[in-house]
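The structure appears right after this line, and notes come after that.
In what follows, chains carry the letters A, B, and so on, assigned in the order in which the sequence lines appear, proteins first and then strands, with residues in each chain numbered from 1.
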Protein chains: 2
Amino acid sequence: MPNDVGHEIADALAALLRRDTRTRLYRRLTEGLGEAVDEITYPVLSGLARTGPRSAADLAGEIGLDRSGVTRRATRLEDAGLLRREPDPHDRRATLLALTEAGQRTVDATRRRLAAHIEASLASWPPAEARAFAHQLQRFVTDGPFT
Amino acid sequence: MPNDVGHEIADALAALLRRDTRTRLYRRLTEGLGEAVDEITYPVLSGLARTGPRSAADLAGEIGLDRSGVTRRATRLEDAGLLRREPDPHDRRATLLALTEAGQRTVDATRRRLAAHIEASLASWPPAEARAFAHQLQRFVTDGPFT
DNA sequence: AGATTAGCGTGCGCGGCGCACGCAGCCTGT
DNA sequence: ACAGGCTGCGTGCGCCGCGCACGCTAATCT
């Protein structure tokens, strides 16, 4: 493999990980979905949508955050009606975080928007190439230098 | 184009943009390079390496940050000997930020590490496929839903 | 039953960030 | 030439996200 491949991907990754890139993307995806959902709070919604109701500590471990942060974000989302705290039936001290219907709709809308943006930017690609790229990207992210 | 491609890439991107993914990657890349260089200060070094000496305001525009932030980071890097402030010969009120030799070496080492990690994770790929992926990724990042 | 542990929310301090001010140097009009 | 506006820089200020640690409640262990 030519070693310029590494640098080429490195440059692309650097551009991708840039702060304002992330901020702009989040802003675009969450625009008009209410004040409570933004770059800070969305990972809580998204993580909850992935696995269903779960505890704050559990969710914190997944998104690489302290429990206190998850608690505070959850409170904000709860105030906005996107999230609901329900007592764990098996453990009376525990409280499970669960999406409300509005929260689920918000997550769906956001993910749909992102997918639409991606597909729009891939519109001019040959379908087979786009499909191959998607698989390679996924493989690269899971196997890549990020674990 | 099948619409699951959009969602597949969306999932990969979400994993890539996760906070701890970024933090871990930065930590690995800057390990042992001194206390001053980290996720916060590195973009200044990197941006400077890209275009040569330039003003703080100019650099701030590129990395999507306020000038004050660049100034503060630059001061930290200056204290660590990685960066040098030199007066602009054409404008006596302006100061140009420039990498020292140590700063340049730090950037080179970091980029080399990232490229090495990437290539290692692509070691099992057919070379042609890796090359194609690199080009597609670059194209996707520049044309993609990030502008 | 008493002691230890687990889960949660919150107060506290740290640090990054944007905003706005003050100062120094440039530039344009008269 | 000089006076006013403009530009570039650094810094103080306030906001906010974040990790740490405490107190409280409830489960679990001996």
At 4.0 Å (heavy atoms only), tell me whether B:S55 reaches a base, stays on the sugar-phosphate, or touches nothing. sugar-phosphate
Judged by atom type as modelled, is there a donor-acceptor pair below 3.5 Å linking the side chain of A:D38 to the main-chain atoms of A:T41? yes
Rounded to the Å, how far apart are B:D66 CG and D:dG8 P? 14 Å
What do you reckon, is CZ of A:R27 surrounded by more than 12 foreign heavy atoms closer than 6.0 Å? no
Going by the angle between their ring planes, with limits at 30° and 60°, are B:F140 and A:F133 parallel, tilted or perpendicular? tilted
With a cut-off of 6.0 Å (strictly less than), are more than 12 heavy atoms of other residues, nucleotides or ligands near CD of B:E31? no
Any ion pair linking A:R54 and A:E62 (charged N to carboxylate O, less than 4.0 Å)? yes
Quickly work out the B:D58 CG to D:dG8 P distance and round it to whole Å. 10 Å
How many Å lie between CD1 on B:I40 and C1' on D:dG17, as a whole number? 12 Å
Can you tell me the distance, in whole Å, between the CG atom of A:L59 and the C1' atom of C:dG7? 15 Å
Could you tell me whether the side chain of B:S55 and the main chain of B:D58 form a donor-acceptor pair under 3.5 Å? yes
How many Å lie between CZ on B:R22 and C1' on C:dG16, as a whole number? 13 Å
Is the phosphate of C:dT10 approached by A:R67 (side-chain N or O, under 4.0 Å from OP1 or OP2)? no
Work out which heavy atom in B:R22 is nearest to a heavy atom in B:L17; give both atom names and the distance. NH1-O, 3.4 Å
Ignoring hydrogens and geometry beyond distance, is the side chain of B:S68 in donor-acceptor contact with the base of D:dC9 at under 3.5 Å? no
Any N or O donor-acceptor pair linking the side chain of B:R72 to the base of C:dG18 at under 3.5 Å? yes
Atom CZ of B:R76 and atom P of C:dG15: how far apart are they, to the nearest Å? 9 Å
Does any residue of residues 78-100 of chain A have a heavy atom under 4.0 Å from DNA chain D, and if so, which ones, in number order? A:D91, A:R92, A:R93
Quick one: A:R73 CZ to C:dT10 C1', roughly how many Å, whole number? 17 Å
Examine C:dG9: is either OP1 or OP2 under 4.0 Å from a nitrogen or oxygen in the side chain of A:T71? Give yes or no. yes
Please state how far atom CZ in A:R54 lies from atom C1' in C:dG7, giving the value in whole angstrom units. 15 Å
Closest to side chain of B:A57, choosing from D:dC9, D:dG19, C:dG18: D:dC9
